[in-house]
J.: 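Would you mind keeping the following structure in view while I ask a few things?
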Number of protein chains: 2
Amino acid sequence: MYKIGELAAACKVKPDTLRFYEKNGLLNPANRSDKGYRIYSDDDAQQLRFILRAKAMGFSLSDIRELLNIEASRSDWACADVKGMVEAKALELQTKIDEMTRLRDSLQELADACCGGPESAIHCSILDTLETK
Amino acid sequence: MYKIGELAAACKVKPDTLRFYEKNGLLNPANRSDKGYRIYSDDDAQQLRFILRAKAMGFSLSDIRELLNIEASRSDWACADVKGMVEAKALELQTKIDEMTRLRDSLQELADACCGGPESAIHCSILDTLETK
DNA sequence: TTTGACCTTTGACCTAACTCCAAGGTTTAT
DNA sequence: ATAAACCTTGGAGTTAGGTCAAAGGTCAAA
């Protein structure tokens, strides 16, 4: 059984973050002390680690809420459901990666065309391109 | 000379966006009509296109403010300054790309390890991994 | 017993880049 | 002449994921 500060420290997050997760339905403490302090169980700690791991994998908090629902009643779901979520997220990431790769290539092209010398930028090809492409 | 709605339509943005750019020091209309309407010149239109092009290349509005400063007095800057900015931005993008690529690979690994079948998720390897990695 | 570290709640604030709304004035088309 | 379509300002709201502050209650050690 942990108080909020203890669990937070153990998982290297701030107490406020745990309160935020609670408010958003991701992690409810097992009970409260008679004075109203949040008391977290080992299960809660495990759930928090689940949340943090999923977050580190790139899931949003609302994705994680969904994963926790599945976790909570695994037998109601098929492997295909879970795999589908993960693949959808991987695809989503890939789409963003492609987009950023295109941007990076454009920028690199811009940079490569520039002399990059110490002379004044009056004839800078980069600025010219941005001005009138 | 354009009124705000005309310039906005010509560049496929909303009037509010132009007001927002003005408030943030990116684009000041050349003057105001006697009744207070913003009046944009051709130079303003060109500057807006510069802003939109830079944005499409992945520059933030505060990057763009800097680029506009350079544009406004090109002779005070060296090509190397401009090239440096572009390369820094390309590197920044690359860093994000690398990070997202790692995430995507982790997700793909997770998905690949899952049977993905229609049977219940009670023994789902994805959930197991998130629970206890 | 008193000080300091903890806990509570409510609610504001942060970044980025808009987007929308309300209340009112102006211009344009019919 | 009047209605539609435009313009003005100020200020609030959006998304995501926290982060902080204020005002107060609680707990542990010296």
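Residue numbering restarts at 1 for every chain, and letters A, B, ... go by the order of the sequence lines.
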J.: Would you kindly give the CD1-to-P distance between B:I4 and C:dT26, to the nearest whole Å?
T.: 17 Å
J.: Would you indicate, yes or no, if C:dC18 has its OP1 or OP2 atom less than 4.0 angstrom from a side-chain nitrogen or oxygen of B:Y21?
T.: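 B:Y21 to C:dC18 OP1/OP2: side-chain N or O found under 4.0 Å.
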J.: Between A:D63 and A:K55, is the closest basic N to carboxylate O distance under 4.0 Å?
T.: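 Here A:K55 does not pair with A:D63 in a salt bridge, since their nearest N and O are not under 4.0 Å apart.
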J.: Between B:K3 and C:dT27, does any side-chain N or O lie under 4.0 Å from OP1 or OP2?
T.: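 Answer is no, no contact under 4.0 Å.
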J.: Determine the contact category for B:S62: base if any of its heavy atoms lies under 4.0 Å from a base atom, sugar-phosphate if only primed atoms, P, OP1 or OP2 are that close, otherwise nothing.
T.: nothing
J.: Looking at D:dT9, I'd like to know if its phosphate oxygens (OP1 or OP2) sit under 4.0 Å from a side-chain N or O belonging to B:R32.
T.: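 Yes, because at least one side-chain N or O of B:R32 sits under 4.0 Å from OP1 or OP2 of D:dT9.
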J.: Distance-only, no hydrogens or angles: does the B:R53 side chain make a donor-acceptor pair with backbone N or O of A:E131 under 3.5 Å?
T.: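 Side chain of B:R53 to backbone of A:E131, a donor-acceptor pair under 3.5 Å: yes, one is there.
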J.: From CZ of A:F59 over to P of D:dA16, roughly how many Å is that when rounded to an integer?
T.: 16 Å
J.: Which of these nucleotides, D:dT19, C:dC7, D:dT8, is closest to any side-chain atom of B:R38?
T.: D:dT8
J.: Among the nucleotides D:dT19, C:dT8, C:dC20, which one has an atom lying closest to any side-chain atom of A:Y37?
T.: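 Between D:dT19, C:dT8, C:dC20, the one nearest the side chain of A:Y37 would be C:dT8.
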J.: Is the backbone of A:E92 close enough, under 3.5 Å, to the side chain of B:R104 for a donor and an acceptor to pair up by distance?
T.: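 Looks like no, no N/O pair under 3.5 Å.
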J.: Could you please name the option among C:dT19, C:dT26, D:dC20 that lies closest to any side-chain atom of B:K35?
T.: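 Looking only at heavy atoms from C-beta outward on B:K35, the closest nucleotide is C:dT26.
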J.: Would you call A:D16-A:R19 a salt bridge at under 4.0 Å N-O?
T.: yes
J.: Would you mind reading off the distance between A:D16 atom CG and D:dA22 atom P, rounded to a whole angstrom?
T.: 14 Å
J.: For C:dC18 and B:K55 - does any side-chain N or O of the residue sit under 4.0 Å from the phosphate oxygens OP1/OP2?
T.: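 B:K55 to C:dC18 OP1/OP2: side-chain N or O found under 4.0 Å.
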J.: When you check the phosphate oxygens OP1 and OP2 of C:dA17, does a side-chain N or O of B:T17 lie under 4.0 Å from one of them?
T.: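 For C:dA17, OP1/OP2 do not have a side-chain N/O of B:T17 under 4.0 Å.
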J.: Please identify each residue that fulfils side-chain hydrogen bond (donor to acceptor under 3.5 Å, both in side chains) with A:E87, with sequence neighbours left out.
T.: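 Residues passing side-chain hydrogen bond (donor to acceptor under 3.5 Å, both in side chains) with A:E87: none at all.
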J.: Using 4.0 Å as the upper bound for N to carboxylate O, is an ion pair formed by B:R32 and B:E22?
T.: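 Judged by the 4.0 Å cut-off on N to carboxylate O distance, B:E22 and B:R32 do form a salt bridge.
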J.: Grab the OH-C1' distance between B:Y2 and D:dC7 for me, whole Å please.
T.: 19 Å
J.: Please classify the nucleic acid contact of A:S33 as base, sugar-phosphate, or nothing, using heavy-atom distances under 4.0 Å.
T.: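 Since no nucleic acid heavy atom lies under 4.0 Å of A:S33, the category is nothing.
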J.: Take the protein atom CG of A:L18 and the nucleotide atom C1' of C:dT8, then report the distance between them rounded to whole Å.
T.: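 One finds 14 Å between C1' of C:dT8 and CG of A:L18, rounded.
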J.: Rounded to whole angstrom units, what separation is found between the NZ atom of B:K23 and the P atom of D:dG11?
T.: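 Value for this atom pair: 10 Å.
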J.: Treat a base pair as Watson-Crick or G-U wobble with both distances under 3.5 Å, then lay out DNA chain D in dot-bracket form, 5' to 3', with | for cross-strand pairs.
T.: ||||||||||||||||||||||||||||||
J.: Measure from the side chain of A:F20, starting at C-beta and using heavy atoms only, and say which of D:dG17, C:dC7, C:dT27 lies closest.
T.: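 Nearest to the side-chain atoms of A:F20, counting from C-beta on, is D:dG17.
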J.: In whole angstrom, give the distance that lies between atom CG of B:L48 and atom P of C:dA17.
T.: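 Atom CG in B:L48 sits about 15 Å away from atom P in C:dA17.
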J.: Tell me which of B:P15 and A:D34 sits closer to the 5' end of DNA chain D, going by the nucleotide each one is nearest to.
T.: B:P15
J.: Between the side chains of A:K96 and A:E99, is the shortest nitrogen-to-carboxylate-oxygen separation below 4.0 Å, so that they form an ion pair?
T.: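 Salt bridge absent between A:E99 and A:K96.
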J.: Take atom CG of B:L27 and atom C1' of C:dA17, then tell me their distance rounded to the nearest Å.
T.: 15 Å
J.: May I ask you to decide whether A:D44 forms a salt bridge with A:R38, counting only side-chain N to carboxylate O separations under 4.0 Å?
T.: no
J.: Can you figure out which of C:dC18, D:dT9, C:dC7 approaches the side chain of B:R19 most closely?
T.: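 The closest nucleotide is D:dT9.
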